[in-house]
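A note on names: the letters A, B, ... follow the listed sequences, proteins ahead of strands, and every chain is numbered from 1.
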2 protein chains.
Amino acid sequence: MGKVADMSTPARRTGRPRSAEADRAILGATRAALVELGWGKLTMGDVAARAGVAKTTLYRRWAGKNELVVDAVAAVFDEQLEVADHGSLRADIEDVVVRFATLLERPETKTALMAVVSEATHDEALGARVRSAIVDRQKRLVLIGRQRAQLRGELPGEEDAAAAARNADLIFDVIAGSVVHRLLVSAEPVDREWACSFATLLLHGLAAAGSGAGIAPAPEPARGHDQKPAGSV
Amino acid sequence: MGKVADMSTPARRTGRPRSAEADRAILGATRAALVELGWGKLTMGDVAARAGVAKTTLYRRWAGKNELVVDAVAAVFDEQLEVADHGSLRADIEDVVVRFATLLERPETKTALMAVVSEATHDEALGARVRSAIVDRQKRLVLIGRQRAQLRGELPGEEDAAAAARNADLIFDVIAGSVVHRLLVSAEPVDREWACSFATLLLHGLAAAGSGAGIAPAPEPARGHDQKPAGSV
DNA sequence: CCGATTACGCTACGAGTCGTAGCGTAAGAG
DNA sequence: CTCTTACGCTACGACTCGTAGCGTAATCGG
């Protein structure tokens with residue numbers, strides 16, 4: 001199921017196989033523990049007890065809390081990957097926003113995602129794992145939506161492939177970031193009204209950004225890139 | 001100096017006063033420890049040692065790691081609150097984006113913010129503290145920017161005060177969320193090019209969203225096809 | 001059926017952290 | 001000077017971590 005980084009065990013043909021049911025039990029127990037305890041108080045021993053598994057079994061499969069939680073959450077994201085064609089770009093955007101918000105409102109994901117991202121700032125391998133297991137799968141939805149919109153004539157086709165990729169990344173960061181921030185930082189609901197306002201904002205931005213200029217791209221040399229870090233450490 | 005939630009100690013006129021220098025040393029040591037160790041491995045004992053302070057002193061002032069880190073990070077955000085008038089809405093947006101990104105690229109904030117937000121999903125008091133100490137101060141920049149743009153005639157004035165507030169919240173979530181996501185989740189740089197693309201997206205969205213409709217807000221459950229943007233932009 | 005191999009459950013362990021209590025001392029307030 | 005509070009220090013029980021060792025269970029190749 002999850003087990004994203006198990007490519008490293010290609011040769012294991014003999015011996016007792018690992019219990020697939022233990023995997024399910026462990027990941028489920030991890031999600032349950034996340035809901036009740038939160039990231040900070042979640043312990044490996046507790047997860048093992050809930051799963052009816054020895055603590056050592058956990059460590060045989062995952063290096064630690066971080067990796068375990070990534071896989072536990074990734075399994076949830078696997079469920080929610082389909083998105084129907086709603087006939088218009090606006091409807092598709094609103095749908096993906098509400099859908100993503102619903103996913104984030106689940107207490108398991110809510111707690112875990114931010115914690116894992118935080119840990120990933122020191123652990124590049126963990127970051128890569130998060131991106132491949134969770135982020136990239138969501139990004140696919142943006143690509144699908146754009147393709148549909150282009151077929152409908154709602155968005156202009158891309159001239160440059162590189163620019164298209166950059167644009168898709170931008171849009172994904174805007175959508176996912178806005179929803180996450182609204183929900184987890186501002187702690188306010190992503191209801192249909194908000195989704196509608198957000199979609200309106202995005203639609204106009206997209207229509208313009210795709211068709212080239214419109215508002216002057218700002219004079220470059222005007223100001224330097226330099227900030228004042230005002231170091232305090 | 002954060003100390004956001006010390007309103008609860010009004011009556012302490014007698015006795016030895018708390019060392020203000022200890023506060024500075026502790027918060028500085030916390031930031032340094034965050035850089036080196038990250039959230040996960042940061043311990044109260046370590047912070048105390050770095051600050052040259054007894055561990056008990058830490059617990060006399062903060063309930064635990066969460067509260068301590070919030071204040072330590074909030075102090076950083078205090079430094080970076082000014083924003084100059086760059087003459088155009090686009091320039092102001094790009095500036096605030098780059099500025100915010102610079103702040104988030106500092107290893108202290110990078111690590112701490114997400115971790116604290118994660119913990120806040122289980123601790124409403126902590127969430128409120130984060131919002132009042134960090135988020136709301138950033139939100140002020142959005143309000144200032146909008147006011148300037150309205151004075152310049154770049155944005156229409158608001159009819160409804162409630163709608164104006166909702167709109168400001170939306171814009172703030174979009175800006176902050178997008179930058180955070182780009183930087184911490186996608187792990188890609190917020191350079192001038194990205195800021196420019198983002199500003200373009202946002203500018204067109206703003207111009208349209210402010211002037212009322214433009215793209216039909218879509219019917220509720222049974223969504224049909226919508227017309228394309230009326231090109232008022 | 002039989003060894004070889006691997007996974008599992010269990011126990012135990014040292015190391016490290018947590019948060020608190022107790023004590024004597026330092027520093028302002030009245 | 002006395003009262004009150006903060007500080008540094010030490011020590012403590014409780015807990016978590018991650019690992020090691022052991023006997024047992026399951027599966028594969030011959």
Side-chain angles (χ1 to χ4, degrees), chain A residues 1 3 6 8-30 33-34 36-71 115 119 122-123 125-126, chain B residues 1 3 6 8-30 33-34 36-71 115 119 122-123 125-126:
Chain A
M1 322 208 70
K3 310 315 301 310
D6 261 2
S8 53
T9 51
R12 201 198 320 146
R13 48 184 103 253
T14 179
R16 176 178 177 177
R18 287 188 171 171
S19 163
E21 196 195 346
D23 264 9
R24 274 184 284 112
I26 292 171
L27 293 177
T30 303
L34 274 173
E36 289 182 28
L37 307 173
W39 168 271
K41 306 200 170 184
L42 180 143
T43 71
M44 298 294 269
D46 189 52
V47 170
R50 286 167 191 259
V53 165
K55 197 174 55 163
T56 45
T57 299
L58 277 172
Y59 283 105
R60 285 191 191 102
R61 306 183 185 204
W62 289 277
K65 211 158 89 164
N66 294 338
E67 285 76 8
L68 173 60
V69 170
V70 172
D71 283 1
E119 293 294 323
H122 304 276
D123 183 346
L126 185 65
Chain B
M1 331 171 199
K3 309 312 299 311
D6 262 3
S8 52
T9 50
R12 200 197 321 145
R13 49 183 104 253
T14 179
R16 175 179 176 176
R18 287 186 172 173
S19 162
E21 195 196 348
D23 264 9
R24 274 183 283 113
I26 292 171
L27 294 178
T30 304
L34 274 173
E36 288 182 28
L37 307 174
W39 168 270
K41 307 200 170 185
L42 181 144
T43 71
M44 298 294 269
D46 189 53
V47 171
R50 285 167 192 261
V53 165
K55 197 175 56 164
T56 44
T57 299
L58 278 173
Y59 283 104
R60 285 193 189 101
R61 306 184 184 204
W62 289 278
K65 211 157 90 165
N66 294 338
E67 285 76 8
L68 172 59
V69 170
V70 172
D71 283 1
E119 293 295 322
H122 289 277
D123 182 347
L126 186 64

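Atom CG in A/D46 sits about 9 Å away from atom P in D/dC17, given to the nearest Å. As rounded to whole Å, 12 Å separates atom P of D/dC17 from atom CG of A/N66. In this structure, B/L58 atom CG and C/dT20 atom C1' are separated by 14 Å, rounded to whole Å. Look at CH2 on A/W62: it is 13 Å from P on C/dA7, rounded to the nearest Å. Computed from coordinates, the B/R18 CZ to C/dA29 P distance equals 16 Å when rounded to whole Å. In this structure, A/I26 places its CD1 atom 13 Å from P of C/dA7, rounding to the nearest Å.
Side-chain contact check for B/L27 versus B/L68: some heavy-atom pair is nearer than 4.5 Å. Looking at B/R18 and B/D23, their side chains never come closer than 4.5 Å, going by heavy atoms from C-beta outward. No side-chain heavy atom of A/K65 sits under 4.5 Å from any side-chain heavy atom of A/V70.
Mapping B/Y59 and A/G52 onto DNA chain C by nearest heavy atom places A/G52 at the nucleotide closer to the 5' end.
For B/A51, the side chain to side chain contact (heavy atoms under 4.5 Å, CB included) partners two or more places apart in sequence, or in a different chain, are B/A25, B/I26, B/A29, B/V53. Remark: B/A54 pairs with B/T56, B/T57 by the side chain to side chain contact (heavy atoms under 4.5 Å, CB included) rule, at least two apart or across chains. Under the side chain to side chain donor-acceptor pair (under 3.5 Å) criterion, A/E21 pairs with no residue at all, not counting sequence neighbours. Every residue two or more places apart in sequence or in another chain was checked for a side chain to side chain donor-acceptor pair (under 3.5 Å) with B/N66, and none qualifies.
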Pairs under 3.5 Å (N/O, protein and nucleotides 10-16 of chain D):
none

Can you name the atoms? Protein N/O to nucleotides 22-30 of chain D N/O, anything below 3.5 Å, with the distance.
from, atom 1, to, atom 2, distance (Å)
D/dA25, N3, A/R16, NH1, 3.2

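Taking both residues in full, the closest heavy atoms of A/E119 and B/W39 are given as OE2-CD1, 3.8 Å, listed atom of the first, atom of the second, then distance.
A close approach under 4.0 Å does occur between a side-chain nitrogen or oxygen of A/T57 and OP1 or OP2 of C/dG9.
The pair B/E36-B/R50 meets the salt-bridge criterion, since a charged nitrogen lies less than 4.0 angstrom from a carboxylate oxygen.
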